[in-house]
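The structure under discussion appears below in the form of structure tokens.
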There are 4 protein chains.
Amino acid sequence: MEFRIDRTSGLPAYLQLVRQVREALRMGWLSPGDRLPPVREVVTTSGVNANTVLKAYRELEMSGLVEARQGSGTYVKAALGSADPEVMGPLRTRLAEWVHDARAAGLDTEDVEALVRSVLVDEGGIG
Amino acid sequence: MEFRIDRTSGLPAYLQLVRQVREALRMGWLSPGDRLPPVREVVTTSGVNANTVLKAYRELEMSGLVEARQGSGTYVKAALGSADPEVMGPLRTRLAEWVHDARAAGLDTEDVEALVRSVLVDEGGIG
Amino acid sequence: MEFRIDRTSGLPAYLQLVRQVREALRMGWLSPGDRLPPVREVVTTSGVNANTVLKAYRELEMSGLVEARQGSGTYVKAALGSADPEVMGPLRTRLAEWVHDARAAGLDTEDVEALVRSVLVDEGGIG
Amino acid sequence: MEFRIDRTSGLPAYLQLVRQVREALRMGWLSPGDRLPPVREVVTTSGVNANTVLKAYRELEMSGLVEARQGSGTYVKAALGSADPEVMGPLRTRLAEWVHDARAAGLDTEDVEALVRSVLVDEGGIG
DNA sequence: GTGGTCTAGACCACC
DNA sequence: GTGGTCTAGACCACG
């Protein structure tokens, strides 16, 4: 997996790394037993400082999602995500269609994000 | 309008305020000429410090969205959002249905957010 | 560069800092790539509060003149000033002579400033 | 005399009024016995609040420059300026020429102001 | 050690 | 009562 850091978002870099690992777990892109990219590689590909990567990996380890094995790397320990992967596919397709239609109607990315947030807030899912 | 601060999100409080104003503009809940809630009111309703609110309002002012009038308040100056409000309604309805189905399929809020992000990234809308 | 704050001028300290950086850019005393003095140094040399310096640096950053690099410092990003440095020298010399003569004629600093302002206003340069 | 308020300068409005009266005194545009414009007139011509004008006039009165006569208006009481008016003329002419040449050399108003400030600071006239 | 965030509280400028 | 300025000091993110 490859990390992307958005330095304009205001969210600390190490939390962006943590979130991206968690999302990869939810999406099924990472599974128990998989190895996270070595710190040095993340440093070169994403431009953050090694301590920042270490902090993210430590945070993931403390939450029980990954496990550091001395001299070998950091490995995924637990799965994440409450969804049945078979049902995820159709949902993703429908969502992609919706996004496509929203774009066609003139909405930009920030519009889409605002709409999603507003629906989730209304629904009570976001506090 | 009323602000909600999520102290667990990692995003600085003043940026949460900025984002909520921007989203209100995009959703059409705020329009040019409207007055933002006074700093002291935000302090009491959302629990943040006055300087934090001032920082958010100042940031909005510098981006040209609002205008502070001495002794009178802070007013919306510019609109935001590329969307036609008439087309926004149906899109919102469809999205709410999708979220409902996702919930029914066992997805929690974080799953939904991860899915949305992944679709937007795939599509190129998020860097 | 070293900052000087005049607490009697009525101009907020952070705006005095901003102006002095802008003037240093115009005079060629600062150029793209140069590092501004660290916040903590400005605090000790000029006696203002750290937040005041941060506010000034942030304002400069938002106007695109400087760039803060986490853990490294604040760096000049853009040049400022429409003047050819070679033509600036002679102009400065002539102005210094004029000021000297004005002093000799009995004008104090406020007289000089008033005269400059009145000429610029007459000329339409100041609104 | 007519006042001009620059709301972008950061200098409080009442101090701009005070400074403009002081500069008019230095330039000889106002002399002892002259009447300052009535508060209501300043309100309409410069757009500031009446209290702001009153505060400026009170400040001038406390510094001994003007005197309020009940029901009649506010009058200049003392002169200001260390300069011989006969020597002021030639100095003003030379300065206007210098400004003209500076413009011709490509300097804008902010460049001119920066240069003046830097000469005065060098000379020790500004702290 | 760098910049950045937040708090608490005093005081100011303006309407 | 409105926004704005400044201080003092704690704590965080990053290199």
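Protein chains get the first letters and strands the later ones, always in sequence-line order, with residue 1 at the start of each.
- Here the P atom of nucleotide E:dG4 and the CE atom of C:Met62 are 11 Å apart, to the nearest Å.
- For C:Thr52 and F:dT7, the shortest distance from a side-chain N or O to OP1 or OP2 is below 4.0 Å.
- Classification of A:Glu2 and A:Arg4 as a salt-bridged pair fails, no side-chain N sitting under 4.0 Å from a carboxylate O.
- Regarding B:Leu11, its CG atom lies at a distance of 14 Å from the C1' atom of F:dC12, rounded to whole Å.
- Side-chain nitrogen and oxygen atoms of D:Lys55 include at least one within less than 4.0 Å of the OP1 or OP2 phosphate oxygen of E:dA13.
- Ion pairing between a basic and an acidic side chain is recognised when a charged N comes within 4.0 Å of a carboxylate O; A:Glu110 and A:Arg117 show no such pairing.
- For a distance-only test at 3.5 Å, the side chain of C:Arg69 fails to qualify as a donor-acceptor partner of the base of F:dG15.
- B:Thr74 contributes atom OG1, which lies 12.5 Å from atom CG of B:Leu65 (distance to the nearest 0.5 angstrom).
- Counting to the nearest Å, the P atom of F:dC6 and the CG atom of B:Asn49 are 17 Å from each other.
- Contact between the side-chain N/O atoms of B:Arg7 and the OP1/OP2 oxygens of E:dT7 is found at a separation under 4.0 Å.
- Within the structure, every side-chain polar atom (N or O) of B:Tyr14 is placed at least 4.0 Å from both OP1 and OP2 of E:dC6.
- Each of D:Arg26, D:Gln20, D:Arg19 was scored for a side chain to side chain contact (heavy atoms under 4.5 Å, CB included) with D:Arg22, with one residue passing: D:Arg26.
- Annotation: of the two residues near DNA chain E, B:Ala50 and D:Leu15, the 5′-most nearest-nucleotide partner is B:Ala50.
- In terms of position on DNA chain E, the residue among D:Gly47 and C:Ser72 whose nearest nucleotide sits closer to the 5' end is C:Ser72.
- Closest-nucleotide positions on DNA chain F for C:Pro12 and B:Thr74 were compared, and the one nearer the 5' end corresponds to B:Thr74.
- Residue A:Gln16 is out of contact with every strand shown, counting any heavy-atom pair closer than 4.0 Å.
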